[in-house]
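Take a look at the structure set out below.
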Amino acid sequence: MSEKKAAAKAAFPHTIPILTGFLVLGMAYGIYMKALGFSPVVPILISLFVFAGSMQFVAGSVLTGVFAPVSTFFLTLMVNARHVFYGISMLEKYRDLGRKKFPTIFWMCDETFSVNVSADIPEGVDKGWFYFFVSLFDYSYWITGTVLGAVLGQFIPFDTTGVDFAMTALFIVILVGQWEKETSHISTLGGLGISLVCLVIFGAEHFIVASMVGIVLFLTLLRRPIERRLEE
């Protein structure tokens with residue numbers, strides 16, 4: 001088996017939970033954009049070249065509202081600011097990817113980050129190709145969902161009430177998987193605790209960036225104790 005095939009085979013099972021969530025949410029996005037009056041081509045192109053998840057839903061209302069590039073810029077920055085922290089934490093893992101580096105970085109999203117940062121890569125499987133295929137699979141799931149939603153939305157009326165819970169359910173599945181593999185739950189419990197505190201203080205609309213800053217500080221300050229605990 002070739003190096004690429006081995007990595008793709010190892011990566012695919014890790015993306016199965018994401019497959020379900022992205023197909024549902026991608027379809028919801030395609031249908032949502034159709035309801036706003038856009039042709040099927042628009043959401044498909046946005047998914048291909050923007051690939052920003054929740055920000056794509058926000059973009060729908062932005063594109064149909066008053067032209068306000070400055071406020072749109074800051075809104076996008078705030079919604080996707082968490083990717084700055086993801087990028088910093090993946091610097092070492094993605095350092096030597098060669099030509100794979102740029103598409104793998106572009107395809108980074110919450111779910112891909114969760115898999116690539118925590119997956120146990122089998123012996124003999126190239127890590128660079130593993131990260132690449134996890135990212136590629138997740139990206140393709142989102143594109144496929146968007147295409148299905150954009151096309152089917154032209155012919156079939158859908159009630160998308162509650163479909164956004166698929167993303168929450170997806171993160172719960174990923175969290176449970178990571179919890180079962182952890183030998184120490186300090187970082188997970190710390191992240192959950194900090195997020196809860198920030199949610200109470202800043203509210204649902206503004207807690208994400210504060211939570212990410214708090215988690216980075218928490219992990220930085222407790223890095224040595226956490227590493228010692230893992231070694232034990």
Side-chain angles (χ1 to χ4, degrees), residues 1-26 47-48 51-53 82-147 166-167 169-192 212 215-216 218-220 222-232:
M1 185 181 296
S2 71
E3 186 180 60
K4 294 180 184 178
K5 287 184 179 179
K9 185 177 180 180
F12 177 69
H14 291 275
T15 68
I16 291 176
I18 300 170
L19 167 62
T20 306
F22 272 21
L23 284 180
V24 172
L25 289 170
S47 286
L48 280 169
F51 188 49
R82 64 192 185 280
H83 290 282
V84 174
F85 301 98
Y86 295 167
I88 292 172
S89 64
M90 298 300 284
L91 283 175
E92 287 299 321
K93 289 180 179 290
Y94 286 3
R95 185 178 299 280
D96 300 317
L97 293 188
R99 289 180 298 174
K100 302 185 290 294
K101 184 174 185 177
F102 293 104
T104 304
I105 290 172
F106 173 70
W107 295 330
M108 173 76 77
C109 63
D110 299 355
E111 296 76 14
T112 298
F113 167 77
S114 297
V115 173
N116 281 345
V117 79
S118 63
D120 293 324
I121 302 175
E123 260 187 67
V125 173
D126 182 82
K127 292 183 178 181
W129 281 115
F130 180 88
Y131 299 144
F132 175 86
F133 279 112
V134 167
S135 306
L136 175 60
F137 287 146
D138 292 348
Y139 176 69
S140 65
Y141 301 153
W142 181 259
I143 301 301
T144 302
T146 302
V147 172
M167 185 67 80
L170 175 59
F171 275 113
I172 292 173
V173 171
I174 293 173
L175 174 62
V176 170
Q178 289 184 221
W179 180 276
E180 291 177 343
K181 289 188 293 184
E182 290 176 343
T183 55
S184 172
H185 302 305
I186 296 175
S187 57
T188 301
L189 292 174
L192 290 172
M212 295 303 296
I215 291 170
V216 168
F218 171 79
L219 293 177
T220 300
L222 296 182
R223 178 180 176 180
R224 295 283 178 83
I226 292 174
E227 289 178 344
R228 282 199 297 269
R229 182 72 178 271
L230 291 174
E231 290 172 358
E232 293 172 1

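All residue numbers refer to positions in the sequence shown, counting from 1.
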Euclidean distance, Ile121 CD1 relative to Trp129 CH2, rounded to 0.5 Å: 14.0 Å
Parallel, tilted or perpendicular: ring planes of Phe106 versus Phe51, cut at 30 and 60 degrees: tilted
Rounded distance [0.5 Å steps], CG in Leu23 versus CD1 in Ile18: 11.5 Å
Validation row: Lys9, Phe133 side chains within 4.5 angstrom (heavy atoms): no
Over 12 non-hydrogen atoms of neighbours within 6.0 angstrom of NZ in Lys100: yes
Atom pair CG/CZ of Asp120 and Phe130 - distance to nearest 0.5 Å: 9.0 Å
Atom of Trp142, atom of Gly26 and distance for their closest heavy-atom approach: CZ3-N, 3.7 Å
Phe113 side, atom CZ; Met108 side, atom CE - distance, nearest 0.5 Å: 7.0 Å
Minimum heavy-atom distance between Gly128 and Leu97, given as atom pair plus value: CA-CD2, 3.3 Å
CG-CZ distance between Asp138 and Phe22, expressed to the nearest 0.5 angstrom: 5.5 Å
Approximate separation, where rounding is to 0.5 Å, of Thr112 OG1 and Tyr141 OH: 10.0 Å
Lys93 side chain near Asn116 side chain, heavy-atom distance below 4.5 Å: no
Between Tyr94 and Thr104, a side-chain donor and acceptor under 3.5 Å: no
His83 and Tyr86 aromatic ring geometry - parallel, tilted or perpendicular at 30°/60° bounds: perpendicular
For Thr146 against Ser47, the heavy-atom pair lying closest together: OG1-OG, 2.9 Å
